[in-house]
Amino acid sequence: AVGPGSGVPPTPSPDWSPGLSVIAATLPVEGVGPGTRGRVAATGSRHAMGDSAAEDRFDGILLAMAQQHEDGVHQLVDTFFSFLRRKTDFFSGGEQGAAEKLVTDTFKHHQRLGAQIQMEKEVKREAEKKEKVERAVITEVKEKSEPEPKQPKIKELTDEEATKLQKEIDQKKEQESDVDGITANGEKPVENPDSKQAESESEGEEDEKDKGKLKPNTGNGADLPNYRWTQTLSEVDLLVPFQVNFRLKSRDLIVEIQRRHLKLGLKGHPPIIDGEMFNDVKVEESSWLLEDGKSVNIHLEKVSLH
């Protein structure tokens, strides 16, 4: 008569660590149930901190939860600990300090991973910046090493020489115009109206093709009516200003970043951005930031195609 629903709290063993035994009777989790408290908690903690291949399987659920917490990360964390307090024996079932140690160890583990990822990003950015500088130096050296084009020599002519040279130029032009205006049969060619029409149509088609194209901005992106974006080989940055007469807060916005879909807008209004992206992005490494209460900066990490 010891266990969930019996009213008698089980006696923790010396090697027990916090688990989920209080809700084991209602959750269909393999290997969880009365009498498996210490083993399940221990293996569960190792699984959570060791199996990186499956750590993103709950991202969809967690992202949906995060979007419902308008006050930010501290409210989301408070919800997790509230669940553990109300629905599990996390705080009361183990030895003194066991729950705190588990939280601290898990925090330090992911803190190290986060610091490592940030360091890798910084190294990558520095490498790209260094490569850009090196390319600029090489281009500058190449331009300096190329010999300047020789300038034509200027010779001053007398009036008689200038008159004679002008006559020769005029005669040459007349001869060329006479040759161009006569066919092999000695007749002047007749202009074909169809060819003129075809030339004008082809020119019109080229103009039409250029009409729909956007000129790239200095960041290899584009300046659109409602936002602007720039990009490098590995990331994309969007700056979206909001024309409002009040200071925006995060709870006023709808921001959804998915692998190939982006949505951004003001709650209660049509979205400014809502569509498919050209390629996949890394959701877990992408982020957004509300700047000065008036604009949103979205940072997207590209998925490498190689």
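All values below come from the heavy atoms of this structure, side chains included, with hydrogens, waters and symmetry mates left out.
Nearest heavy atoms, Asn226 versus Val240: O-CG1, 4.0 Å. Val281 approaches Val303 most closely through the heavy-atom pair C-CG2, 3.6 Å. Looking at every heavy atom in both residues, Gln231 comes nearest to Asn220 through NE2-O, 3.1 Å.
Among residues two or more places apart in sequence or in another chain, the salt bridge (charged side-chain N to carboxylate O under 4.0 Å, His left out) test is passed with Glu131 by Arg135. The salt bridge (charged side-chain N to carboxylate O under 4.0 Å, His left out) search around Arg228 returns Asp223, not counting sequence neighbours. Under the rule for a side-chain contact (heavy atoms from CB on, under 4.5 Å), the partners of Gln118 that lie at least two apart in sequence or sit in another chain are Lys121, Glu122.
Side-chain N or O atoms of Ser286 include one that pairs as donor or acceptor with a backbone N or O of Lys282 at under 3.5 Å.
Counting side-chain heavy-atom gaps under 4.5 Å among Ile, Leu, Val, Met, Phe, Trp and Tyr, the cluster of Val137 also holds Val133, Val141. Met65 belongs to a hydrophobic cluster whose other members, connected by ILVMFWY side-chain contacts under 4.5 Å either directly or through intermediates, are Phe58, Ile61, Leu62, Leu76, Phe80.
Side-chain contact between Val296 and Leu289: absent, with no pair of heavy atoms (C-beta onward) separated by less than 4.5 Å.
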Could you tabulate the donor-acceptor pairs under 3.5 Å formed by side-chain atoms of residues 232-239, not counting sequence neighbours?
residue : atom : partner : partner atom : Å
Thr232  : OG1  : Ser234  : N            : 3.3
Thr232  : OG1  : Glu235  : N            : 3.3
Ser234  : OG   : Glu128  : OE2          : 3.3
Asp237  : OD1  : His299  : ND1          : 2.8

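Taking the charged nitrogens against the carboxylate oxygens, Lys144 and Glu140 do have a contact shorter than 4.0 Å, which makes a salt bridge. Comment: Lys267 engages Glu70 in a salt bridge, judged by a side-chain N to carboxylate O separation of less than 4.0 angstrom.
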